[in-house]
Amino acid sequence: MRTALFDWLLARKTGGEFILRIEDTDRSRYVPTAVDDLYASLRWLGLDWDEGPDVGGPHAPYVQSERLDLYQAAAAHLIASGNAYECFCTPERLDEMRNRQRELKQPTGYDGRCRSEEGRAEAKREAGADARHVVRFLMPDAGETNVLDLLRGEVSFQNARLDDSVLLKSDGFPTYHLAVAVDDHEMAISHVIRAEEWLPSAPLHKLVFEALGYELPNFVHVSRILGSDRAKLSKRHGAQSVLEYRDQGYLPDAVFNFLGLLGWSLDDKTEVISRDEFVQHFSIERLIKSPAVFDLEKLNWMNGHYLRSLPPEDVTGLLKEWLERPEAAGGLPDQVERPLDFDYTLRLVPLVRERVKLLSEARDMMAFFYLPDGVEPDPTMLLGKAFAGEPRRAADLLSEALVLAEGVEDWTAASLEAAYRALAEQQGVRAGDLFMLIRVATTGRSVAPPLFETMELVGRERCVLRLRLAINLL
RNA sequence: GCCCCCAUCGUCUAGGGGACUAGGACGCCACCCUUUCAAGGUGGAGACAGGGGUUCGAAUCCCCUUGGGGGCACCA
């Protein structure tokens, strides 16, 4: 997704087209839902495409499994021009060959048996009646191939070290190497931005393009993203799909910003960059060549930052959608009536947004605002450090607090604070201790937004009720 | 085993011969603010992997070493 983001930025910056092509040429790994997840991921991040399977375009179809005739024709053309040959070697033989090479500490690679007429005949005989074949590229034995990478400059490879790679598999499907050459040409691709693991096969691609008489696109091999252990980010190494980040309460803008800064920078100080600014300033020259370690802490910070700086109405909408989900799906307790009141939630946002980094954290922080009745505080928590072993004292104080709650003239944070500060002084108790007692009684939590704003928003009725219940608890 | 890429604070990065006592951000520490928790403010610790060159002058250019990453499939 980070690579796609760079692709998208380049397209938007230069007025080009961002084309979505589905590369599904490996039937053994085909997962039907994968494409839907891909769409959902791109959409969530706001990476819209100009051409693709669902929106169509002048180069349809955009799904490789629907373009097989094109690849097969290209393969035939390569054979005819002497740039490729049929290979009848069985997978078993190739496995054995590789194992032997590894054992002997030799470079691995195809030995070229089927390059010759005799070799092919021998392989065919071994394979038996149901002999199937692949098409391999005939790699030159000498010379070197220089690939121009817009980020890294010229990278040169000795052809002798390069393998006769398979271009067309025995099931008639192309490998990536053939398919991209054909499609990049057919679809008039100008820039190929892909991760650096493709760099070693770039010379092959260049030679395939040339053998087919195609013009070469521009290549940019961006660095990888590493896990915190510096190994490649994978399912087992803390990698998550963007959909999982979405489900954990990250904001698309924050993830976009964070990803955009992983391998690219605007200048020496800017961290928070809007989508528009990214588009405006993106350039291949400022991409970074070295791999970047994915720092979840920074993503979390950035998410919190976006939560705090977005317009309150936007945050309210986000929050409301989240809280209204079923309890089992991360929403408020099911007893809370849906839909939530927008204006009430809007009033809570300033108090809550400073205290959460993820949308998913808001539920626990906010539930007591929505719960209709009591909050069932734990008695130990209620007494806290200040009143541990002194339940009578705590109960007395809460009773005084209850009287004030019932009697205070206007139910505002300011007058509540004045009343309770006076009470603390009169009772000879530290204000903070009294406030904590009331906080736990009215919210059920020892960590909550500032007490008096909180009480104002919880309302007199429920505060009175909750104070009463707390007293009974002691 | 062979090939390729990369190398500045723990992490993301600025830097493309003199502006560098190497800047910013996350994280960390301290202080301030403070009714809890945050947020915010101020300050601090913290890096040019090593060795050779080139140059009047190297974080910046070249080479070697080391380290890290990737590739060597009828996967992409």
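Each chain gets a letter, A, B and so on, in the order its sequence line appears, and its residues count up from 1.
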Item to complete: Scan A:Arg29 against the nucleic acid and name what it touches under 4.0 Å (heavy atoms): base, sugar-phosphate only, or nothing.
Response: base
Worksheet item: With sugar-phosphate meaning primed atoms plus P, OP1 and OP2, does A:Thr25 contact a base, only sugar-phosphate, or nothing at under 4.0 Å between heavy atoms?
Response: sugar-phosphate
Worksheet item: Using a cut-off of less than 4.0 Å, is there contact between a side-chain N or O of A:Ser265 and OP1 or OP2 of B:rA14?
Response: yes
Item to complete: Look through every strand shown and name the nucleotide pairing with B:rG18 as Watson-Crick or G-U wobble, where both distances are under 3.5 Å.
Response: B:rC56
Worksheet item: Is it true that A:Glu186 and A:Arg21 make a salt bridge, defined as a side-chain N closer than 4.0 Å to a carboxylate O?
Response: no
Worksheet item: Taking the same atom, P, in B:rA59 and in B:rG50, what whole-Å distance lies between them?
Response: 11 Å
Worksheet item: Between B:rC5, B:rU36, B:rC3, which nucleotide gets closest to the side-chain atoms of A:Phe157?
Response: B:rC3
Worksheet item: Counting side-chain heavy atoms from CB outward, which of B:rC74, B:rA7, B:rG70 is closest to A:Ser290?
Response: B:rA7
Worksheet entry | Minimum-distance nucleotide (side-chain atoms of A:Lys289 versus B:rU35, B:rG70, B:rC6) | B:rC6
Practice prompt. May I ask you to verify whether the side chain of A:Arg152 and the base of B:rC5 hold a donor-acceptor pair under 3.5 Å?
Written response: no
Practice prompt. Would you classify A:Leu104 as touching base, sugar-phosphate or nothing, given that sugar-phosphate means primed atoms plus P, OP1 and OP2, and contacts are heavy atoms under 4.0 Å?
Written response: nothing
Worksheet item: Would you say A:Thr175 reaches B:rC75's phosphate, i.e. side-chain N/O to OP1/OP2 under 4.0 Å?
Response: no
Item to complete: Using the C1' atom on both, measure B:rC72 against B:rG16 and round to a whole Å.
Response: 34 Å
Discussion item. Taking only side-chain N and O atoms of A:Arg136, does any of them lie within less than 4.0 angstrom of OP1 or OP2 on B:rC74?
Written reply: yes
Item to complete: For A:Arg132, report the nucleic acid contact type (base, sugar-phosphate, nothing); a contact means any heavy atom under 4.0 Å.
Response: nothing
Worksheet item: Within 45° of the ring axis of A:Tyr85 and under 6.0 Å from its six-membered ring centre, is that where the NZ or CZ of A:Arg120 lies?
Response: no
Item to complete: May I ask which nucleotide in the shown strands pairs with B:rA7, Watson-Crick or G-U wobble, both distances under 3.5 Å?
Response: B:rU66
Item to complete: Hey, can you tell me if A:Phe256 and A:Trp8 have their rings parallel, tilted or perpendicular (30° and 60° cut-offs)?
Response: perpendicular
Item to complete: Output yes when at least one side-chain N/O atom of A:Lys169 is less than 4.0 Å from OP1 or OP2 of B:rC75, else no.
Response: yes
Practice prompt. Tell me which nucleotide among B:rU35, B:rU11, B:rG1 gets nearest to the side chain of A:Leu451.
Written response: B:rU35
Worksheet item: Given that both distances must come in under 3.5 Å, which nucleotide forms a Watson-Crick or G-U wobble pair with B:rG1?
Response: B:rC72
Worksheet item: Between A:Arg115 and A:Asp141, is there a side-chain N and carboxylate O pair less than 4.0 Å apart?
Response: yes
Practice prompt. Pick the P atom in B:rU60 and in B:rG52, then give their distance to the nearest Å.
Written response: 14 Å
Discussion item. I want to verify a distance call: between B:rC4, B:rA25, B:rG70, whose nearest atom is closest to the A:Val155 side chain?
Written reply: B:rC4
Worksheet entry | Short side-chain N/O contact from A:Arg102 to OP1 or OP2 of B:rC2, under 4.0 Å | no
Worksheet item: Which listed nucleotide (B:rU36, B:rU35, B:rC75) is nearest to the side chain of A:Glu453?
Response: B:rU35
Discussion item. Need one value for A:Val134: base, sugar-phosphate or nothing, where a base atom within 4.0 Å counts as base even if backbone is also close, heavy atoms only.
Written reply: base
Fill in: Which nucleotide in B:rC37, B:rG70, B:rA25 has an atom nearest any side-chain atom of A:Glu271
B:rA25
Worksheet item: For the side chain of A:Ser170, counting heavy atoms from C-beta on, which of B:rU35, B:rG10, B:rC74 is nearest?
Response: B:rC74
Worksheet item: Which whole number of Å gives the distance between the P atom of B:rG43 and that of B:rA25?
Response: 11 Å
Worksheet item: Just checking A:Ala431: base, sugar-phosphate only, or nothing, at a heavy-atom cut-off of under 4.0 Å?
Response: nothing
Worksheet item: Which one, B:rA73, B:rG10, B:rU13, comes nearest to the side chain of A:Arg98?
Response: B:rA73
Worksheet entry | For B:rU34, the Watson-Crick or wobble counterpart (both distances under 3.5 Å) | none
Worksheet item: Can we say A:Glu456 and A:Arg347 salt-bridge, meaning some charged N sits less than 4.0 Å from an Asp/Glu carboxylate O?
Response: yes
Fill in: N/O donor-acceptor pair under 3.5 Å between A:Asp149 side chain and A:His221 backbone
yes
Worksheet item: Quick one: A:Leu226 CG to B:rG67 P, roughly how many Å, whole number?
Response: 17 Å
Practice prompt. Salt-bridge test for A:Arg421 and A:Glu417: reply yes if a basic N is under 4.0 Å from a carboxylate O, no otherwise.
Written response: yes
Worksheet item: What is the nucleic acid contact for A:Glu297, judged by heavy atoms within less than 4.0 Å: base, sugar-phosphate only, or nothing?
Response: sugar-phosphate
Fill in: Spacing of the P atoms in B:rA19 and B:rC61 (rounded, Å)
16 Å
Worksheet item: Does A:Arg286 place a side-chain N or O at less than 4.0 Å from the phosphate oxygens OP1/OP2 of B:rG16?
Response: no
Worksheet item: Does the side chain of A:Arg353 get closer than 4.0 angstrom to OP1 or OP2 of B:rA39 through an N or O atom?
Response: no
Worksheet entry | Electrostatic pair A:Asp396:A:Arg393 at N-O distance under 4.0 angstrom | no
Practice prompt. Choose from B:rG70, B:rC5, B:rA76 the nucleotide whose nearest atom is closest to any side-chain atom of A:Asp26.
Written response: B:rA76
Worksheet item: Base, sugar-phosphate, or nothing for A:Gly304, non-hydrogen atoms under 4.0 angstrom?
Response: nothing
Fill in: B:rU13 and B:rA47, which share atom name C1', separated by this distance in whole Å
12 Å
Worksheet item: Which part of the nucleic acid, if any, lies within contact of A:Pro174, taking any heavy atom under 4.0 Å across all strands shown: a base, the sugar-phosphate backbone alone, or nothing?
Response: sugar-phosphate
